[in-house]
Amino acid sequence: MKSLYIAVIMIVLASVIMTGCTTTVPAGQSTLVIAVKDAPKNTDIGTITYLGLNISEVSVHRASANQTAPETDEEMTATESDDSSTAGWTVVVSQPQTVDLIQLTDISEVIGQKTMDAGKYTQIRLKIDSGTITVDGTEHPLEVPSGVLRLNRGFVLAPNETLKLTLDFNVEKSVIRTGSDQYKLKPVIAVLTQTLSGMSEQDLVCLRSGGTVTT
């Protein structure tokens, strides 16, 4: 009898805990998760203890007929562009936020996600509004590209899949000293893909934000 009573209590507690966030994904669609992380803190320009980037948008471009792009995790230099077109682009991250790359060494931070159509995608577009860097204990403004940054990086979203793309910045290669106490961002980024299993990243984000999960 006592065991039955404990079991009932456990069921009630579970039903209370698993309420709050709804994570239903429409059949045939997928969830794309965008995260960022960082590489070393020490560079030939000094010891960087803070590198804050104000990211306002991350978009991905769906492939057109016969269009391909390399699917690789090798580092690449992001190309600067003034393209602001919306055709073929899906905005995954639209909420402006600041990330400190130095705090993300060997770990990643999710900055957004979206339920979207499955299929082949060929480009990633990143908008960085401003930045700040602290080198050897002194804070400096960081010059960032004036347009959008593009990564010619392909990936495939399978139906009913949760895929995580991590933008892995190489700080050692991405920050350039242009003069006395002047620094410029020229991002060198590897795009890492990970198919998530078990609890979806959407559920994990919900839990990290203080919510709970409804099943």
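We use all heavy atoms of the structure for the numbers below, so side chains are in, but hydrogens, waters and symmetry mates are not. Just so it is clear, the model here is predicted, and its values are computed rather than measured.
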Visitor: Within the distance-only criterion (no hydrogens, no angle test), does the side chain of D168 pair as donor or acceptor with the backbone N or O of I189 below 3.5 angstrom?
Guide: no
Visitor: H61 versus S85: any side-chain heavy-atom pair under 4.5 Å?
Guide: no
Visitor: Within this structure, what is the NZ-OG distance for the pair K120 and S64, rounded to the nearest 0.5 Å?
Guide: 10.0 Å
Visitor: Going by heavy atoms in the side chains, are P96 and N54 under 4.5 Å from each other?
Guide: no
Visitor: Between OH of Y121 and CG of L163, what distance do you get to the nearest 0.5 Å?
Guide: 11.0 Å
Visitor: I need the minimum non-hydrogen distance between T166 and S108, along with the two atoms involved.
Guide: CG2-CB, 4.1 Å
Visitor: Are any of the side-chain heavy atoms of E71 and V156 separated by less than 4.5 Å?
Guide: yes
Visitor: If we ignore hydrogens and angles and just use 3.5 Å, is the side chain of Q194 paired with the main-chain N or O of L192 as donor and acceptor?
Guide: no
Visitor: Please report the shortest heavy-atom distance between L101 and K37, naming the atom on each side.
Guide: CD2-O, 3.9 Å
Visitor: Is it true that M116 and F155 fall in one hydrophobic cluster, defined by side-chain heavy atoms closer than 4.5 Å?
Guide: yes
Visitor: Should V148 and V93 be counted in the same cluster of Ile, Leu, Val, Met, Phe, Trp and Tyr side chains packed under 4.5 Å apart?
Guide: no
Visitor: Please tell me if the side chains of L167 and L151 come closer than 4.5 Å, counting only heavy atoms from C-beta onward.
Guide: yes
Visitor: Which atom pair, heavy atoms only, marks the closest approach of V191 to R153?
Guide: O-NH2, 2.8 Å
Visitor: With side chains defined as the heavy atoms from C-beta onward, is the minimum distance between D181 and T138 less than 4.5 Å?
Guide: no
Visitor: Is any side-chain heavy atom of T31 closer than 4.5 Å to a side-chain heavy atom of T115?
Guide: yes
Visitor: Which salt bridge (Lys or Arg N to Asp or Glu O under 4.0 Å) pairs, counting each pair once, include a residue from residues 50-68, with sequence neighbours left out?
Guide: E57-K127
Visitor: Report yes if some heavy atom in the side chain of L32 is under 4.5 Å from a heavy atom in the side chain of K114; otherwise report no.
Guide: no
Visitor: If you look at every heavy atom in I133 and P141, which pair is closest and at what distance?
Guide: CG2-O, 4.5 Å
Visitor: Under the side chain to side chain contact (heavy atoms under 4.5 Å, CB included) criterion, do V58 and I124 qualify, and how do the steps go?
Guide: CA-CA 7 Å; V58 181; I124 301 169; 4.0 Å; yes
Visitor: Is it true that L104 and I111 fall in one hydrophobic cluster, defined by side-chain heavy atoms closer than 4.5 Å?
Guide: yes
Visitor: What distance do L53 atom CG and I128 atom CD1 have between them, rounded to the nearest 0.5 Å?
Guide: 5.0 Å
Visitor: Please answer: with hydrophobic residues joined when any side-chain heavy atoms are less than 4.5 Å apart, are M76 and L149 in the same cluster?
Guide: yes
Visitor: For A118 and S30, work out which heavy atoms get closest and say how close.
Guide: CB-OG, 3.6 Å
Visitor: Side-chain contact test, heavy atoms from C-beta onward, threshold under 4.5 Å: evaluate it for I102 versus D38 and give yes or no.
Guide: yes
Visitor: Could you tell me whether the side chain of E109 and the main chain of V99 form a donor-acceptor pair under 3.5 Å?
Guide: no
Visitor: Are L126 and V188 linked, directly or through other ILVMFWY residues, by side chains that come within less than 4.5 angstrom of each other?
Guide: no
Visitor: For a quick check under 3.5 Å, do Q29 and N160 share a side-chain donor-acceptor pair by atom type?
Guide: no
Visitor: About how many Å separate CD1 of I55 and OG of S130, when rounded to the nearest 0.5 Å?
Guide: 10.5 Å
Visitor: Distance check, rounded to the nearest 0.5 Å: T49 atom OG1 versus Q103 atom CD?
Guide: 9.0 Å
Visitor: Which heavy atom in Y183 sits nearest to a heavy atom in T178, and how many Å separate them?
Guide: N-OG1, 4.1 Å
